[in-house]
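In what follows, a structure is listed as structure tokens, so that the remarks can point back to it.
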There are 2 protein chains.
Amino acid sequence: MDRKEKIIIDQIINGSKYFYRNISIDNVIFGYHERELKVLLQRPGGMEKWTLPGGYILKTETAEEASYKVVRYRTKLENIVLHQFKVFCRPDRNKDESFTLKKLSEMQGIELPEDHWMFDNFVSIGFFALTEYSLVRPTGDFYMEDCSWWDVNALPKLLYDHAEIVLEALKALKQFAYFHPIGYDLLPQKFTLPEIHSLYETILNKKIDIRNFTKKLINMRLIQKLAEQRNIGAHRSPYLYTFDKEKYDQLIKEGDVIVL
Amino acid sequence: MDRKEKIIIDQIINGSKYFYRNISIDNVIFGYHERELKVLLQRPGGMEKWTLPGGYILKTETAEEASYKVVRYRTKLENIVLHQFKVFCRPDRNKDESFTLKKLSEMQGIELPEDHWMFDNFVSIGFFALTEYSLVRPTGDFYMEDCSWWDVNALPKLLYDHAEIVLEALKALKQFAYFHPIGYDLLPQKFTLPEIHSLYETILNKKIDIRNFTKKLINMRLIQKLAEQRNIGAHRSPYLYTFDKEKYDQLIKEGDVIVL
DNA sequence: TCAATAGTGTCTCTTAGACAATATCGC
DNA sequence: GCGATATTGTCTAAGAGACACTATTGA
């Protein structure tokens, strides 16, 4: 048993000393790839259902810090934009016959008391994060057998109410995208007009006229044309663009409306 | 000691059996009166600082239900619109030398254990509610000596981080008001154009041209002119208007933009 | 008669949104 | 050559926003 495993076992047994009782966090980590919005999911070894990367809050940290740690661990990214979007609090929201005290005991090979803290009901704080798909290499670890991206339109079976949490995160993201620029975190630093256009079409889930859309972004100085063209390309080389970060941050701060 | 008192004493002593540990709710109840945005605050007998009406969540209810109960009790209103707007979770966010275990013991005249559950740190879920000022008669009870409206721009000393919670609620309300109609819950059923105009000026905290503003509301069929005029009036009798509730609900649902 | 408030219309300018044909490249 | 994709401009209609004077009433 290595050090990492020891820490996890200790947390399972003694977690209620370190963490707030009955409070968890769940992170919906979004990525965008090939016209599909993706969510990062994980599956603990021995379990059938997938889960959102989540965790508990140490009594010495804020909810944001707790969320940040989890997202950083799973994505290996450093600069992460997090948004608290909703609290999930329903009696029995995390009763699930596929994950029980007995199951956990078996999985970890340890005896756990009947009233183990992990099987209380939890109030979970939902965060969503926007990440650049290509920078994330999802990998499992000894505890999480699998960790991978899933198309939001074709999710596997999820534990507890995690499917609902993803749905609510999608709603919150859509709402957010209507009024704030979002591409900076989801796209590579250099991108083409068709790329950012289809990103918005995907998230807002509707057709947008590409001429009007790109005209608007350029007119408002949110994005800038670069001299470069994409060297590799199946067809005509498209021009590359970047965000004007100053303008971008200003819009984020002022909460101006971007697209309808 | 009457029944109500008994219940409260029981909850103070045994609350951790009924409630989620370390989780509370705080409600920012807004009202509007004479061009001022008001917040309903309460002050427990024997305490100097004021607090937001809040409470704890029974393990058998949702956070919304818990919030609803508190707001209903304090306002005596039945149809309340609640919005979860933010979670407050910072170590020591509710340490306050003006409210300690010793103080509570004195106030209630009972012995409380050192590790009493109410003096753990709490993660608080913030809700805001919109209510019609004139329908609310704030009254204290045996536990809350005072309960009254306060202008958001002139708040008394508040316990814990409640001042911050009010500020965040104001931000959330402002954000909300930009994109959704709000007057239905805050204004009397019949109101004048200057009234709804100044409501928006107050909440958005900026000057709005009344001609353009009312033209817009009427054009979009959000409000309708009534035949009546206000009978009592310091000056010329203004016409009364009401919301077209159908249109109003439609806008709420679709999340369309109302005012910039 | 004076002060306070209610009420009302026009013009301009910006921009959302509709709309389609051409050029380039890989195969 | 053909298929796929990138790129580009004009027009219209709607609406945001600027702007000020008159009528009425109570004191």
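We name chains A, B, ... by the order of the sequence lines, and we start the count at 1 in each one. Worth knowing before you read on, the calculation uses all heavy atoms, side chains too, and leaves out hydrogens, waters and symmetry mates. Just so it is clear, the structure is predicted and the values come from calculations on it, not from any experiment.
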Given side chains that start at C-beta, do those of B:Trp50 and B:Leu159 come closer than 4.5 Å, heavy atoms only?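 Contact flag for B:Trp50/B:Leu159 side chains = no.
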Rounded to whole angstrom units, what separation is found between the [atom1] atom of [X] and the [atom2] atom of [N]?
X        : N      : atom1 : atom2 : result
A:Gln229 : C:dG26 : CD    : P     : 12 Å
A:Lys207 : C:dC19 : NZ    : C1'   : 16 Å
A:Tyr239 : C:dA23 : OH    : C1'   : 12 Å
B:Ile210 : C:dG7  : CD1   : P     : 8 Å
B:Arg35  : C:dA4  : CZ    : P     : 13 Å
A:Phe213 : C:dT15 : CZ    : P     : 17 Å
B:Asn219 : D:dG17 : CG    : C1'   : 14 Å
B:Glu228 : C:dA6  : CD    : P     : 17 Å

Tell me whether the OP1 or OP2 atom of C:dT8 has a side-chain N or O from B:Lys225 closer than 4.0 Å.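 Affirmative; the distance criterion is met.
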Would you say B:Lys216 places a side-chain N or O within less than 4.0 Å of OP1 or OP2 belonging to D:dA16? yes
Quick one: sort the B:Phe243 and B:Tyr184 rings into parallel, tilted or perpendicular, breaks at 30° and 60°.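 The arrangement is perpendicular - the two ring planes meet at more than 60°.
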Geometric class of the B:His180/B:Phe176 ring pair [parallel <30°, tilted 30-60°, perpendicular >60°]: parallel
Is there, by distance only and without an angle test, a donor paired with an acceptor across the side chain of A:Lys215 and the base of D:dT10 below 3.5 Å?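 Under the 3.5 Å cut-off, the side chain and the base do form a donor-acceptor pair.
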B:Asn212 has a side chain; which of C:dC19, D:dA18, D:dT7 sits nearest to it? D:dA18
Cationic N near anionic O, under 4.0 Å, B:Arg221 to B:Asp244: no
